[in-house]
**Student:** 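I have a structure here, written as structure tokens, and I will follow up with some questions on it.
Bear in mind the structure is a predicted one, so any value in this text is a computation, not a measurement. In this chain, residues are counted from 1 in sequence order.
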Amino acid sequence: LITGEALFHRGDASDAMYILVRGAISLLRQDGIEMARFEPVSPLGELGIIADFPRRVSAHATADSMVLVLPRRSFDMLLSDDLKMSVTVLRNLVLLISVRIDEDNVRAFEHEETCSRLSRLERERELTQQALQARGVDTASIRTGIEAQLREANPTVLIVDDESEI
């Protein structure tokens, strides 16, 4: 794949899984937001090929990439021809999925904690503003001054989650 080329699109049939050998692949939501970035050596599309549901996101190369394709028919034959191989493959896929779910749960918990802290801070700000206004303090000028100081002290930073898990 060349940079920018699609490996698959949202809604496509899950007719293969992939192994990223070289380059980088990003999973993109329908609105173009990057959900995950994969680097070598990473499997992609393993959930779809097992559960047989359409692709839920699109995958695009973010660098020139080499991808091994394992079509569903070959995957099914691999699992049906050798019981030991089947158990090994499925065990590894379960482990991979378990790790991804665990990491997603940690991120979700951290997000909830952050939202809760922000909510508490917003409520404290509102109560402080009400108390200051009750005392006749010009809160608009105070807010403008604080916002200016915060902009100087904390420049805007874009944080990109570069983990290879969804």
Side-chain angles (χ1 to χ4, degrees), residues 1-123 125 150-151 153-166:
L1 296 173
I2 61 171
T3 302
E5 188 175 353
L7 179 60
F8 54 79
H9 292 94
R10 183 178 191 270
D12 287 353
S14 296
D15 55 1
M17 70 174 282
Y18 310 92
I19 306 294
L20 177 62
V21 177
R22 185 184 71 226
I25 303 284
S26 287
L27 298 183
L28 306 172
R29 294 187 331 195
Q30 192 171 10
D31 59 6
I33 302 268
E34 183 181 72
M35 293 185 56
R37 180 172 295 205
F38 291 84
E39 295 179 352
V41 173
S42 298
L44 291 98
E46 71 282 354
L47 287 175
I49 200 169
I50 292 170
D52 195 25
F53 50 74
R55 303 287 183 200
R56 297 186 181 197
V57 295
S58 296
H60 292 267
T62 54
D64 289 351
S65 301
M66 181 188 310
V67 178
L68 298 178
V69 180
L70 181 60
R72 173 182 302 284
R73 184 173 176 182
S74 298
F75 180 78
D76 290 345
M77 285 176 24
L78 175 74
L79 295 182
S80 66
D81 287 349
D82 183 346
L83 180 61
K84 186 175 180 181
M85 174 68 79
S86 178
V87 169
T88 301
V89 168
L90 293 176
R91 180 177 286 137
N92 286 334
L93 288 173
V94 167
L95 177 62
L96 173 71
I97 293 165
S98 297
V99 167
R100 289 181 180 173
I101 289 171
D102 186 54
E103 290 172 349
D104 286 347
N105 287 339
V106 168
R107 280 194 295 274
F109 177 76
E110 290 171 349
H111 177 74
E112 287 178 20
E113 282 185 323
T114 300
C115 288
S116 177
R117 282 189 299 244
L118 287 173
S119 179
R120 190 188 88 249
L121 287 171
E122 179 61 25
R123 182 67 184 141
R125 186 199 58 78
L150 288 174
R151 276 192 304 275
N154 298 313
T156 302
V157 176
L158 174 64
I159 299 174
V160 177
D161 181 2
D162 64 351
E163 295 181 23
S164 61
E165 287 74 75
I166 295 179

**Student:** For Ser14 and Phe53, indicate whether the former's side chain and the latter's backbone hold a donor-acceptor pair under 3.5 Å.
**Tutor:** yes

**Student:** Which heavy atom in Glu34 sits nearest to a heavy atom in Leu28, and how many Å separate them?
**Tutor:** CA-CD2, 3.6 Å

**Student:** Could you name each residue pair satisfying ring-ring contact (aromatic ring centres under 6.0 Å, His included) that touches residues 57-102, not counting sequence neighbours?
**Tutor:**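 Matches after skipping sequence neighbours: His9-His60.
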
**Student:** Measure from the side-chain N and O atoms of Asp64 to the backbone N and O of Ile2, and report whether any donor-acceptor pair falls under 3.5 Å.
**Tutor:** no

**Student:** Counting heavy atoms not belonging to Gln30, are there more than 12 under 6.0 Å from its CD?
**Tutor:** no

**Student:** Going by atom type alone, with no hydrogens or angles, which donor-acceptor pairs under 3.5 Å involve a side-chain atom of residues 108-115 and a protein atom two or more places apart or on another chain?
**Tutor:**
{"from": "Thr114", "atom 1": "OG1", "to": "Glu110", "atom 2": "O", "distance (Å)": "3.0"}
{"from": "Thr114", "atom 1": "OG1", "to": "Arg117", "atom 2": "NH2", "distance (Å)": "3.4"}

**Student:** Which residues satisfy the salt bridge (charged side-chain N to carboxylate O under 4.0 Å, His left out) test with Asp31, sequence neighbours excluded?
**Tutor:** Arg29

**Student:** Measuring from atom CD1 of Ile97 to atom CG of Leu47, what distance do you get when rounded to the nearest 0.5 angstrom?
**Tutor:** 4.0 Å

**Student:** Can you check side-chain contact (heavy atoms from CB on, under 4.5 Å) on Val106 and Glu103, steps first, answer last?
**Tutor:** CA-CA 5 Å; Val106 168; Glu103 290 172 349; 5.7 Å; no

**Student:** Any chance you could measure Arg56, atom CZ, to Met35, atom CE, to the nearest 0.5 Å?
**Tutor:**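 Reported value, rounded in 0.5 Å steps: 10.5 Å.
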
**Student:** Do any N or O atoms from the side chain of Asn92 and from the backbone of Thr88 form a donor-acceptor pair under 3.5 angstrom?
**Tutor:** yes

**Student:** At their closest point, which heavy atom of Ile19 faces which heavy atom of Met17, and how far apart are they?
**Tutor:**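 Residues Ile19 and Met17, closest heavy atoms: CD1-CE, 4.2 Å.
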
**Student:** Could you report the tightest heavy-atom contact between Leu96 and Pro43, atom names first, then the distance?
**Tutor:**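 Heavy atoms of Leu96 and Pro43 come nearest at CD2-CG, 3.4 Å.
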
**Student:** Give me the atom names and distance for the closest heavy-atom approach of Phe38 to Leu20.
**Tutor:** O-CD2, 3.2 Å

**Student:** Heavy atoms, side chains only, cut-off 4.5 Å: are Val57 and Arg10 in contact?
**Tutor:** no

**Student:** Nearest 0.5 Å, please: how far is CG in Asp102 from CZ in Arg107?
**Tutor:**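 One finds 10.0 Å between CZ of Arg107 and CG of Asp102.
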
**Student:** Could you state the interatomic distance from CD1 (Ile50) to CG (Leu93), rounded to the nearest 0.5 Å?
**Tutor:** 4.5 Å

**Student:** List the atom of Leu27, the atom of Leu44, and the distance in Å for their closest heavy-atom pair.
**Tutor:** CD2-CD2, 4.2 Å

**Student:** At their closest point, which heavy atom of Ser65 faces which heavy atom of Gly23, and how far apart are they?
**Tutor:** OG-CA, 3.5 Å

**Student:** Residues in side-chain hydrogen bond (donor to acceptor under 3.5 Å, both in side chains) with Arg120, at least two apart?
**Tutor:**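 Arg120 satisfies side-chain hydrogen bond (donor to acceptor under 3.5 Å, both in side chains) with Glu124 only.
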
**Student:** Sequence neighbours left out, what passes side-chain hydrogen bond (donor to acceptor under 3.5 Å, both in side chains) with Asp15? Give chain and number order.
**Tutor:**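 Per chain and number, Asp15 pairs via side-chain hydrogen bond (donor to acceptor under 3.5 Å, both in side chains) with no residue.
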
**Student:** Is there a side-chain contact between Asp76 and Ser80 in this structure, where contact means two heavy atoms from C-beta onward sitting under 4.5 Å apart?
**Tutor:** no

**Student:** Can you name the side-chain hydrogen bond (donor to acceptor under 3.5 Å, both in side chains) partners of Arg72, sequence neighbours left out?
**Tutor:** Asp52

**Student:** Determine whether Leu70 and Ile49 satisfy the following criterion, side-chain contact (heavy atoms from CB on, under 4.5 Å), listing intermediate values before the conclusion.
**Tutor:** CA-CA 10 Å; Leu70 181 60; Ile49 200 169; 5.5 Å; no

**Student:** Tell me, do Val94 and Ser98 make a side-chain contact under 4.5 Å, heavy atoms counted?
**Tutor:**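 In contact.
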
